[in-house]
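Report on the following structure.
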Amino acid sequence: MYNVVDGVRREIQSGIIAGLARSGILEVLGDFTENDIPVEYTREKAHGDFATPIALVLAGKVKRKPRDIAETIVEHMETGKEKTRYVQRVEIAGPGFINFFLGRRWLEDVLRAIMEAGSTYGRSRMGHGTRILLEFVSANPTGPMNIVNARAAAVGASLANILEASGYDVSTEYYVNDAGGQINVLGRSCELRYLELKGEDVEFPEWGYQGSYIVDIARLAMDKHGKELEAMETEERAEFFRDFALSRMLADQKTSLSRFGVEFDVWFSERKLVDAGAVSEVIDILKQRGMVYQADDAFWLRTTECGDEKDRVLVKSDGDYTYLAGDIAYHKNKLERGFDLLINIWGPDHHGHVTPTRAGLEALGYPGSSLEVLLLQFLSLMSRGERVKMSKRAGEFVTMDDLIDEVGSDAARYFLLMRNIESHLEFDLGLAKEHSQANPVYYIQYAHARISSIFRQAEEQGIALSDVDGSDLSNLAEDAELDIIRKLAAYPDEVVMSAIERTPNRLAGYALDLAGLFHSFYNSHRVINDDSDLTMARLALSGAVRTVLANVLGLLGISAPHEM
RNA sequence: GCGCCCGUAGCUCAGUGGAUUAGAGCGUCUGACUACGGAUCAGAAGGCCGCAGGUUCGAAUCUUGCCGGGCGCGCCA
């Protein structure tokens with residue numbers, strides 16, 4: 001929408017294709033369009049602003065030397081003399097690269113586009129409204145959110161933002177695992193703690209949940225429902241604790257996520273799915289399709305026919321459904337709701353479930369590509385060079401709430417996003433807490449706050465900020481200024497790439513780079529200076545940087561403060 | 001044993017087919033405001049991109065093998 005680079009790219013591509021056509025090369029290529037011509041940013045200014053290796057790519061097909069092809073293309077581009085808005089000079093370099101040197105107009109267009117688009121700069125329609133259901137976190141409601149859940153929450157929420165900004169229709173979903181045996185264990189654990197609180201002599205079993213949060217729930221139940229509990233029969237009381245503990249845990253999880261700035265469009269209950277008969281229904285359908293057979297008193301799904309290494313059990317010999325049966329029913333339900341693509345963020349310990357689940361969907365007749373699973377690697381917490389131990393069974397683990405209390409939501413979000421999702425993440429608690437240049441979050445936010453401060457200063461000096469948009473941008477000529485604008489120009493592409501590659505960390509890095517360029521500029525050039533035209537132009541530039549910083553921080557789920 | 005992920009500067013990691021010179025932060029060393037916020041900036045040192053073949057005009061990037069690390073491989077969720 002406001003992607004100036006896209007305009008540049010199209011201009012270069014149509015120039016090249018015209019050159020190819022007039023030189024007769026295009027005929028030989030067969031099915032070849034403008035989109036097959038790669039246009040790249042150059043790393044060095046000596047190589048121009050953009051370049052294409054098209055001559056090198058075509059060398060094999062055309063059976064000519066790359067340099068020779070490049071020369072032919074460029075010759076025929078010149079003779080045609082297409083109208084160009086941006087390209088000023090074309091040069092052949094190295095083994096056959098065609099380098100494009102642009103007039104400064106494109107940089108001014110970039111700033112104008114940002115001023116015009118504001119908070120929508122970087123958004124696109126790339127996804128064409130494709131409906132995506134993004135499911136993430138989906139932690140068992142048997143304990144507080146931990147830092148692994150926090151990483152999933154940060155990544156999922158950011159990815160949802162990025163996809164949405166890229167033109168996808170995204171719905172975020174949390175699958176509530178409220179049907180399995182672990183809910184009975186949760187209820188029983190709370191019930192036993194309740195009896196303990198009442199002074200009864202109870203031996204708390206090893207299989208129970210050991211954490212102190214269980215005692216908290218038991219105490220709350222006693223405070224709020226003490227009298228009713230006294231009157232209950234054994235069976236009734238067990239059910240009460242199952243429901244009570246579950247709803248408490250869910251409420252706590254929602255609160256933690258909310259504090260972290262993560263909200264879900266849908267909380268989907270596994271129990272409701274099961275109660276509605278969806279699991280038995282899906283098994284029936286699979287049976288009808290001939291994908292199920294009985295062996296050893298169990299029902300097996302022929303997942304091997306869909307690429308699995310062995311078949312999987314759907315119904316156990318005791319008649320219970322396996323988690324796989326439930327998962328297939330759930331994913332079928334998702335697709336029936338009209339989504340084009342299901343994206344799940346799972347932990348690496350669920351790696352083995354990907355193929356069976358996908359096989360289940362294929363067995364139902366859906367394409368395997370309708371399910372995409374992102375395996376988010378675990379993380380380790382480091383404090384003063386020491387690894388912080390986390391053990392759920394012993395009830396000692398760092399919770400999402402602890403993390404937010406310790407380092408704050410913004411720092412936590414950034415640190416959890418800064419690495420590739422398939423890499424182990426080493427989270428340095430000390431660094432995340434530090435308010436210094438070592439901490440990338442503050443470095444970025446500081447750039448944003450600093451720009452706001454400049455604008456406050458300008459206002460105090462009586463500079464008419466309303467005139468900034470109309471300033472003469474030709475006053476911007478310093479390398480530091482032009483480098484910033486090039487970076488700003490690349491932003492829409494960065495968003496698109498991080499959407500396609502599912503890489504929020506890419507934008508985390510982009511934000512850091514942009515902040516760095518601005519800090520560097522700030523230290524060598526004065527924004528507010530004696531030359532009023534230059535001041536206005538630099539204010540426009542600074543304002544554009546602030547806009548893009550705010551936009552990218554928004555996609556990452558991090559605040560963009562005006563003062564710190 | 002099989003499958004997936006990872007292996008890049010002392011440390012934590014970007015870069016995943018493009019151009020002498022492979023980047024950033026931390027750490028180490030040297031410097032910079034009586035001027036818009038020093039939570040900043042400028043500079044230096046630091047690399048057989050795990051190892052060995054292959055594909056390619058071109059490989060950190062693709063491929064094969066090996067070495068090292070992590071995680072999976074249930075009628076548990």
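Letters A, B, ... are given to chains in the order of the sequence lines, protein chains preceding strands, and every chain is numbered from 1.
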Taking OP1 and OP2 of [N], is either one under 4.0 Å from a side-chain nitrogen or oxygen of [X]?
| X | N | result |
| --- | --- | --- |
| A:Tyr41 | B:A19 | no |
| A:Lys310 | B:C2 | no |
| A:Tyr442 | B:U40 | no |
| A:Arg450 | B:G38 | yes |
| A:Gln457 | B:G37 | yes |
| A:Ser520 | B:A42 | yes |

For nucleotides [N] and [M], find the distance between their [atom1] atoms and express it as a whole number of Å.
| N | M | atom1 | result |
| --- | --- | --- | --- |
| B:G65 | B:C73 | P | 24 Å |
| B:C5 | B:C62 | P | 11 Å |
| B:A32 | B:G70 | P | 48 Å |

Could you check if a side-chain atom of A:Ile463 sits within less than 4.5 angstrom of a side-chain atom of A:Gln457, using non-hydrogen atoms only? no

Nearest of B:C41, B:U40, B:A77 to any side-chain atom of A:Asn140? B:A77

So what does [X] touch, heavy atoms closer than 4.0 Å: a base, only the sugar-phosphate, or nothing?
| X | result |
| --- | --- |
| A:Ala458 | nothing |
| A:Asn99 | base |
| A:Ser317 | base |
| A:Asp320 | nothing |
| A:Ala298 | base |
| A:Val57 | base |
| A:His525 | base |

Output yes when [X] and [Y] qualify as a salt bridge under the 4.0 Å nitrogen-oxygen rule, no when they do not.
| X | Y | value |
| --- | --- | --- |
| A:Glu173 | A:Lys334 | no |
| A:Arg486 | A:Asp483 | yes |
| A:Asp178 | A:Arg242 | no |

Rounded to the nearest Å, what distance is computed from the [atom1] atom of residue [X] to the [atom2] atom of nucleotide [N]?
| X | N | atom1 | atom2 | result |
| --- | --- | --- | --- | --- |
| A:Trp346 | B:G72 | CH2 | C1' | 13 Å |
| A:Lys487 | B:A14 | NZ | C1' | 11 Å |
| A:Phe521 | B:C36 | CZ | C1' | 10 Å |

Going by purine N1 to pyrimidine N3 plus the second Watson-Crick contact, or the G-U wobble pair, all under 3.5 Å, which nucleotide sits opposite [N]?
| N | value |
| --- | --- |
| B:A44 | B:U28 |
| B:G37 | none |
| B:C2 | B:G72 |
| B:G7 | B:C67 |

Using the rule given for ring pair (Phe, Tyr, Trp, His ring centres under 6.0 Å), can you reason through A:Phe136 versus A:Phe264, listing the C-alpha separation, both sets of side-chain angles and the distance that settles it, and then say yes or no? CA-CA 9 Å; A:Phe136 56 104; A:Phe264 286 85; 4.6 Å; yes

Earlier contact from the 5' end, RNA chain B, for A:Ala51 and A:Asn523: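 Upstream on the strand: A:Ala51.
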
So, A:Arg526 versus A:Thr535: side-chain donor-acceptor pair below 3.5 Å or not?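 Note: A:Arg526 and A:Thr535 side chains miss the donor-acceptor criterion.
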
